[in-house]
Amino acid sequence: MTVDGLIDDVLRREGGYTHDPADAGGETRYGITAAVARAHGYAGPMRSLPVATARQIYREAYWERPRLDAVAKLTPNVAAILFDTGVNMGVMVAVAFLQRSLNALNRSAQDYPDVQPDGVIGPATIAALSGFATRRGAGGDAVLAKAVEALRGERYVALAEARPANETFLYGWLSNRIG
């Protein structure tokens with residue numbers, strides 16, 4: 001698993017240009033919304049967003065800035081899930097799923113202290129993740145991944161329940177994004 005491989009997977013899954021009226025994200029190309037592209041300095045038409053620009057945005061905004069490289073050193077499978085979750089739901093949501101999962105798996109703070117589920121990977125989150133990895137070993141990565149995926153699945157269902165237009169996307173979300 002490399003960040004380039006993860007970006008390749010997202011590009012394959014997201015495809016080219018879309019502007020589905022049911023999609024609250026609006027115009028997208030390679031899964032990058034117009035709002036995200038504009039926030040990263042792209043001013044052209046979304047139909048023309050270069051793949052190199054999409055790759056750069058994915059690397060910077062969804063891998064480097066949220067510090068998923070630090071997560072990948074301890075739990076590579078979880079880092080991959082967080083990357084895709086961040087792309088689809090927002091980075092802070094993805095990181096909060098990790099934090100909530102770590103808190104639920106720490107045996108009432110016996111293994112490591114709870115962390116604030118603030119959606120930001122800081123020293124406390126890395127310390128908790130390290131404590132989890134030390135306590136649970138190699139098999140812990142799979143269990144932590146399942147916990148994050150469970151929260152992700154629940155959110156997809158909640159999104160469809162809250163906005164009927166999202167029901168159009170629920171089957172695809174669950175079949176293409178939940179491991």
Side-chain angles (χ1 to χ4, degrees), residues 1 3 6-7 9-11 13-14 18 20 22-40 54-106 114-129 132 140-179:
M1 183 244 5
V3 67
L6 294 172
I7 292 170
D9 289 345
V10 168
L11 292 172
R13 191 172 28 258
E14 293 292 344
T18 61
D20 187 329
D23 187 347
E27 267 189 298
T28 67
R29 180 159 167 102
Y30 307 120
I32 302 290
T33 65
V36 169
R38 304 290 179 247
H40 288 87
R55 285 181 175 285
Q56 179 182 357
I57 291 169
Y58 280 132
R59 178 181 296 281
E60 291 174 5
Y62 297 92
W63 185 260
E64 293 172 355
R65 191 173 307 139
R67 301 192 59 217
L68 293 184
D69 53 335
V71 173
K73 290 176 185 172
L74 296 166
T75 55
N77 293 332
V78 172
I81 292 166
L82 294 175
F83 175 77
D84 189 62
T85 304
V87 166
N88 192 242
M89 296 183 182
V91 171
M92 292 185 77
V93 170
V95 173
F97 287 169
L98 169 66
Q99 294 164 327
R100 290 176 57 203
S101 296
L102 286 168
N103 288 346
L105 290 166
N106 72 358
D114 278 344
V115 295
Q116 179 66 32
D118 60 6
V120 177
I121 296 173
T125 299
I126 295 298
L129 185 60
F132 176 83
D141 189 42
V143 172
L144 185 57
K146 286 179 184 181
V148 171
E149 290 281 31
L151 292 169
R152 188 178 189 187
E154 191 284 328
R155 180 159 172 112
Y156 284 135
V157 170
L159 288 169
E161 290 173 335
R163 183 175 178 261
N166 285 337
E167 290 181 12
T168 300
F169 307 110
L170 182 59
Y171 186 90
W173 289 336
L174 294 174
S175 66
N176 294 321
R177 290 203 127 93
I178 300 292

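Everything quoted here is computed from the prediction, not taken from an experiment. One is the number of the first residue; the rest follow in order along the sequence.
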Going through the checks in order, is the side-chain contact (heavy atoms from CB on, under 4.5 Å) test met by Ile57 and Tyr62?
CA-CA 7 Å; Ile57 291 169; Tyr62 297 92; 4.1 Å; yes
I'd like to know whether Trp173 forms a side-chain contact (heavy atoms from CB on, under 4.5 Å) with Leu159, so could you lay out the CA-CA distance, the side-chain angles of the two residues, the decisive distance to 0.1 Å, and finally the verdict.
CA-CA 11 Å; Trp173 289 336; Leu159 288 169; 4.2 Å; yes
Evaluate Glu149 against Arg152 for salt bridge (Lys or Arg N to Asp or Glu O under 4.0 Å), listing each step before the verdict.
CA-CA 5 Å; Glu149 290 281 31; Arg152 188 178 189 187; 3.5 Å; yes
What verdict does the side-chain contact (heavy atoms from CB on, under 4.5 Å) test give for Arg29 and Ile32, after you've listed the backbone C-alpha separation in whole Å, the side-chain angles of each residue and the deciding distance to 0.1 Å?
CA-CA 5 Å; Arg29 180 159 167 102; Ile32 302 290; 5.8 Å; no
Stepwise side-chain contact (heavy atoms from CB on, under 4.5 Å) test for Val71 and Ile121:
CA-CA 9 Å; Val71 173; Ile121 296 173; 3.6 Å; yes
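Ile81 and Val148 make their closest contact through CG2-CG1, 3.8 Å (heavy atoms, listed as atom of the first residue, atom of the second, distance). Between Val120 and Val95, the closest heavy-atom pair is N-CG1, 3.6 Å. When every heavy atom of Ala147 is checked against every heavy atom of Leu105, the shortest pair comes out as CB-CD1, 4.3 Å. When all heavy atoms are compared, the tightest approach of Val91 to Pro66 is CG1-CB, 3.3 Å. Closest heavy-atom contact between Val78 and Ala145: CG2-N, 3.7 Å. The shortest non-hydrogen separation linking Ser101 to Leu144 is CB-CD1, 3.7 Å.
Taking OG1 of Thr125 as the reference point, atom CZ of Phe132 lies at 14.0 Å (rounded to 0.5 Å). Here Leu151 contributes atom CG and Lys146 contributes atom NZ; the two are 14.5 Å apart, rounded to the nearest 0.5 Å. With rounding to the nearest 0.5 angstrom, the CG atom of Asn77 is 4.0 Å from the CG atom of Asp141. Between the CZ atom in Phe97 and the CZ atom in Arg155 there is a gap of 5.5 Å [rounded to 0.5 Å].
Counting only residues at least two apart or in different chains, salt bridge (charged side-chain N to carboxylate O under 4.0 Å, His left out) contacts with residues 65-76 are absent.
No side-chain heavy atom of Leu6 sits under 4.5 Å from any side-chain heavy atom of Asp84. Side-chain contact between Tyr58 and Leu11: present, with at least one pair of heavy atoms (C-beta onward) separated by less than 4.5 Å. Two residues are said to be in side-chain contact when any heavy atoms from C-beta on lie closer than 4.5 Å; His40 and Val36 meet this criterion. Counting heavy atoms from C-beta on, the side chains of Leu102 and Asn106 never come closer than 4.5 Å. Residues Phe83 and Trp63 have side chains in contact (heavy-atom distance under 4.5 Å, counting atoms from C-beta outward). Annotation: side chain of Glu64 is in contact with side chain of Arg59 (closest heavy-atom distance under 4.5 Å). No side-chain heavy atom of Asp114 sits less than 4.5 Å from a side-chain heavy atom of Gln99. With contacts defined as side-chain heavy-atom distances shorter than 4.5 Å, the pair Arg13/Arg177 qualifies.
With 3.5 Å as the limit, one finds no donor-acceptor pair spanning the side chains of Thr33 and Thr28. Between the side chains of Arg100 and Asn103, no donor-acceptor pair of N or O atoms lies under 3.5 Å. With no hydrogens or angles considered, a side-chain donor-acceptor pair links Tyr156 and Asn88 at under 3.5 Å.
Remark: Glu60 pairs with Gln56 by the side-chain hydrogen bond (donor to acceptor under 3.5 Å, both in side chains) rule, at least two apart or across chains. In terms of the side-chain hydrogen bond (donor to acceptor under 3.5 Å, both in side chains) criterion, residue partners of Glu27 (sequence neighbours excluded) are, by chain and number, Tyr17.
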